Protein chains: 2
Amino acid sequence: MVTTSSAAALRGDPYDANCATRRILDRIGDRWTVLVVGVLGDGEARFSEIRRRVDGVSQKMLTQTLRGLERDGLVRRTVHPTVPVRVEYALTEAGRTLLEPLRALQKWSIEHLGDVSASQNAYDHAE
Amino acid sequence: MVTTSSAAALRGDPYDANCATRRILDRIGDRWTVLVVGVLGDGEARFSEIRRRVDGVSQKMLTQTLRGLERDGLVRRTVHPTVPVRVEYALTEAGRTLLEPLRALQKWSIEHLGDVSASQNAYDHAE
DNA sequence: CGGAATCCTACCGGATACTG
DNA sequence: CAGTATCCGGTAGGATTCCG
């Protein structure tokens, strides 16, 4: 049993590659998933719109990322059989709940990015 | 300027690989960093102890992970010049603040891992 | 004990071309 | 428009060996 009130909660016990945190980070820790979830956090969006708003993502990786999120039940994919085809993507209920912890991590990032960069510079300069 | 009160906060504006969240996830999103931080959240530990408690990590990757965290100012490395050498690792103040958002993510992971797995099975079975 | 150095491989992910 | 298919290079990371 894992609780959330002790340090053991963060890692699960025992530490292994199969713990919940590891599993989730394996999924959302990739280069694009978090950014895509961030875009969809603003509301439904089409494939090409997501592609525009997630700077630098290739068509292949965006497709792959969206498929993964759909498979996880975090994103709903809706095909409108017009011509040409329209495909809308939106966060599911579960997907929306992910926004909260992601924002916590972003908050930390913004608050500490300066310190981290400074530390890196000092470390590199000291050699 | 990035605020933390809107959806735009999660992604930064514009979306690119240089936003704070992306930068931080590039650092902690790897296979081992989160697990190592989790171990050190319990307190100071020696190299070999961390290696034992983080199941599956190679010596190379543990060294690399710890160097990265030290460079970021999140971990302090202390060498005791005995023979043989003793090296202790501990979270810094900044490192300890990272435990909070990480726990938020773990909490989400634990709460949703079951649903995610079920969704994956359904998705794969439906083909 | 706690690494550094080297070698080697899988696979992540970009570029390109084609399809319904 | 929203993909799929194929090729391909760079690199993350494991195994092994050596060092203070």
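In this text, all values refer to a predicted model and were calculated from it rather than measured experimentally. In the text below, chain A, chain B and the rest are named by the order of the sequence lines, each starting its count at 1.
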Using whole Å, what does the distance between atom [atom2] of nucleotide [N] and atom [atom1] of [X] come to?
X	N	atom1	atom2	result
Leu62(B)	dA12(D)	CG	P	17 Å
Glu88(A)	dA2(D)	CD	P	8 Å
Arg31(B)	dA10(C)	CZ	P	16 Å
Leu66(B)	dG2(C)	CG	P	11 Å
Lys60(A)	dG3(D)	NZ	P	16 Å
Met61(B)	dG14(D)	CE	C1'	9 Å
Ile50(B)	dC1(C)	CD1	C1'	13 Å
Gln64(A)	dG13(C)	CD	P	7 Å

inquiry  = Pairing donors with acceptors under 3.5 angstrom, does anything connect the side chains of Gln59(A) and Thr63(A)?
reply    =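 Indeed, the side chains of Gln59(A) and Thr63(A) share at least one donor-acceptor pair under 3.5 Å.
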Between [N] and [X], is there an OP1 or OP2 to side-chain N/O distance shorter than 4.0 Å?
X	N	answer
Arg46(A)	dC1(D)	no
Ser48(B)	dG2(C)	yes
Tyr89(B)	dG3(C)	yes
Arg77(A)	dG3(D)	yes

ask   = Closest nucleotide of DNA chain C for Asp30(A) versus for Val85(A): which of these residues is on the 5' side?
value =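 Its nearest nucleotide lies further toward 5', so the answer is Asp30(A).
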query = When rounded to the nearest 0.5 angstrom, what distance separates CD in Gln64(B) from CG in Leu66(B)?
reply =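 It comes to 10.5 Å.
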inquiry  = If I take atom NE2 from residue His80(B) and atom CZ from residue Arg46(B), how far apart are they, to the nearest 0.5 angstrom?
reply    =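 One gets 9.5 Å once the value is rounded to the nearest 0.5 Å.
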request  = Specify the residue among Pro84(A) and Thr63(A) whose closest nucleotide of DNA chain D lies further upstream toward the 5′ end.
outcome  =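 The residue whose closest nucleotide sits nearer the 5' end is Pro84(A).
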inquiry  = Please classify the nucleic acid contact of Arg67(B) as base, sugar-phosphate, or nothing, using heavy-atom distances under 4.0 Å.
reply    =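 Counting heavy atoms under 4.0 Å across all strands, the contact made by Arg67(B) is with sugar-phosphate only.
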query = So, the side chain of Ser119(A) versus the backbone of Arg71(B): is there a donor-acceptor pair under 3.5 Å, distance only?
reply =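 Present.
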base_contact_polar (dA15(C) base, Gln59(A) side chain, donor-acceptor, <3.5 Å) =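 Answer is no: no donor-acceptor pair is held.
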task = Please tell me if the side chains of Leu35(B) and Thr65(B) come closer than 4.5 Å, counting only heavy atoms from C-beta onward.
result =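 No; the side chains remain at least 4.5 Å from each other.
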